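This report refers to the structure that appears directly beneath it.
Values reported hereafter were calculated over all heavy atoms of this structure, with side chains retained and with hydrogens, waters and symmetry mates removed. For this chain, numbers begin at 1 and follow the sequence in order. The shown structure was predicted, so the numbers you read here are calculated from the model rather than taken from an experiment.
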Amino acid sequence: KRTRFFDLYDDDEARYSVIERAGELLSGLENDLPHFVKFMLHSNVGQGFWLHLPKKFCEAHMPDHDTNVSLVNEWGKEYRATFLLGRYGLSAGWRGFSISHRLLKGDILIFHLIQPCKFKVHIVRANKSDVMGAALCLM
């Protein structure tokens with residue numbers, strides 16, 4: 001059974017809050033850089049640790065072979081992950097990024113391609129109270 005967008009959040013207020021904050025963040029970013037948005041599912045952050053990327057984005061902006069990619073967080077720390085062309089997704093290394101940033105189901109990630117195979121990753125927390133906890137963890 002596929003997870004639906006509405007199943008990610010406890011209530012309408014939580015859903016609209018995170019979407020509004022993601023929209024504000026998107027409006028302040030450089031729009032000329034290729035980007036995509038991902039809503040974190042349980043399979044992305046808790047079980048399996050697999051992240052599917054949009055097929056059209058991959059076909060337009062990613063190499064035509066498996067390769068390593070860099071994920072740069074908002075503080076400039078870089079993480080390595082493996083991009084698998086045949087599955088249009090991130091594998092090895094994604095788990096480490098997810099755990100170190102304490103990503104949760106419902107968080108929204110904005111991936112900005114800032115260089116070939118290098119993404120700046122912006123995180124919008126589903127629960128605003130988790131922002132401070134995650135920031136303290138990274139310190």
message: Between Leu51 and Lys38, is there a side-chain heavy-atom distance shorter than 4.5 Å?
response: yes

query: Within 45° of the six-membered ring axis of Trp50 and under 6.0 Å from that ring's centre, is NZ or CZ of Arg95 located there?
result: no

message: How close do Lys105 and Ala126 get, counting heavy atoms only, and between which atoms?
response: O-CB, 4.1 Å

query: To the nearest 0.5 Å, how far apart are OG in Ser43 and NE2 in His52?
result: 7.0 Å

- prompt: Looking at His101 and Asn73, what are the two nearest heavy atoms and their distance?
  reply: NE2-ND2, 3.1 Å

message: Which heavy atom of Phe83 sits nearest to which heavy atom of Pro63, and what is that distance?
response: CE2-O, 3.9 Å

message: Are Phe36 and His112, when compared by the centres of their aromatic rings, separated by less than 6.0 Å?
response: no

field: In one Ile/Leu/Val/Met/Phe/Trp/Tyr side-chain cluster, 4.5 Å: Tyr79, Leu113
entry: yes

- prompt: With side chains defined as the heavy atoms from C-beta onward, is the minimum distance between Leu109 and Phe119 less than 4.5 Å?
  reply: no

- request: Determine, step by step, whether Asn44 and Leu103 satisfy the side-chain contact (heavy atoms from CB on, under 4.5 Å) criterion, reporting the C-alpha distance in whole Å, the side-chain angles of both residues, the deciding distance to 0.1 Å, and the verdict.
  value: CA-CA 9 Å; Asn44 304 135; Leu103 297 178; over 6 Å; no

- request: Quick one: pull up CZ in Arg102 and CD1 in Ile123 and give me the separation to the nearest 0.5 Å.
  value: 12.5 Å

message: Distance check, rounded to the nearest 0.5 Å: Leu84 atom CG versus Ser91 atom OG?
response: 5.0 Å

- request: Would you mind reporting whether Met62 and Val69 have side-chain heavy atoms less than 4.5 Å apart?
  value: yes

query: Between Tyr88 and Leu71, is there a shared hydrophobic cluster once you connect ILVMFWY residues whose side-chain heavy atoms come closer than 4.5 Å?
result: yes

- request: Might you point out which heavy atoms bring His35 and Phe57 nearest each other, and give the distance in Å?
  value: N-CE1, 3.8 Å

message: Less than 4.5 Å apart, side chain to side chain, heavy atoms only: is that true for Leu26 and Ile110?
response: yes

query: Considering residues at least two apart in sequence or located in another chain, which fulfil the side-chain contact (heavy atoms from CB on, under 4.5 Å) criterion with Val72?
result: Glu78, Lys118, Lys120

Nearest atoms (heavy-atom pairs only) where Asn68 meets Cys117: O-CB, 3.8 Å

task: Report yes if the side chains of Phe111 and Val37 come closer than 4.5 Å at any heavy-atom pair, otherwise no.
output: no

task: State, with a plain yes or no, whether a side-chain heavy atom of Phe97 is found less than 4.5 Å away from one of Val121.
output: yes

field: Heavy-atom check, side chain of Val124 versus side chain of Asp107, under 4.5 Å
entry: no

field: Side-chain (Ser100) to main-chain (Gly96) donor-acceptor, under 3.5 angstrom
entry: yes

message: Is there a side-chain contact between Thr67 and Thr82 in this structure, where contact means two heavy atoms from C-beta onward sitting under 4.5 Å apart?
response: no

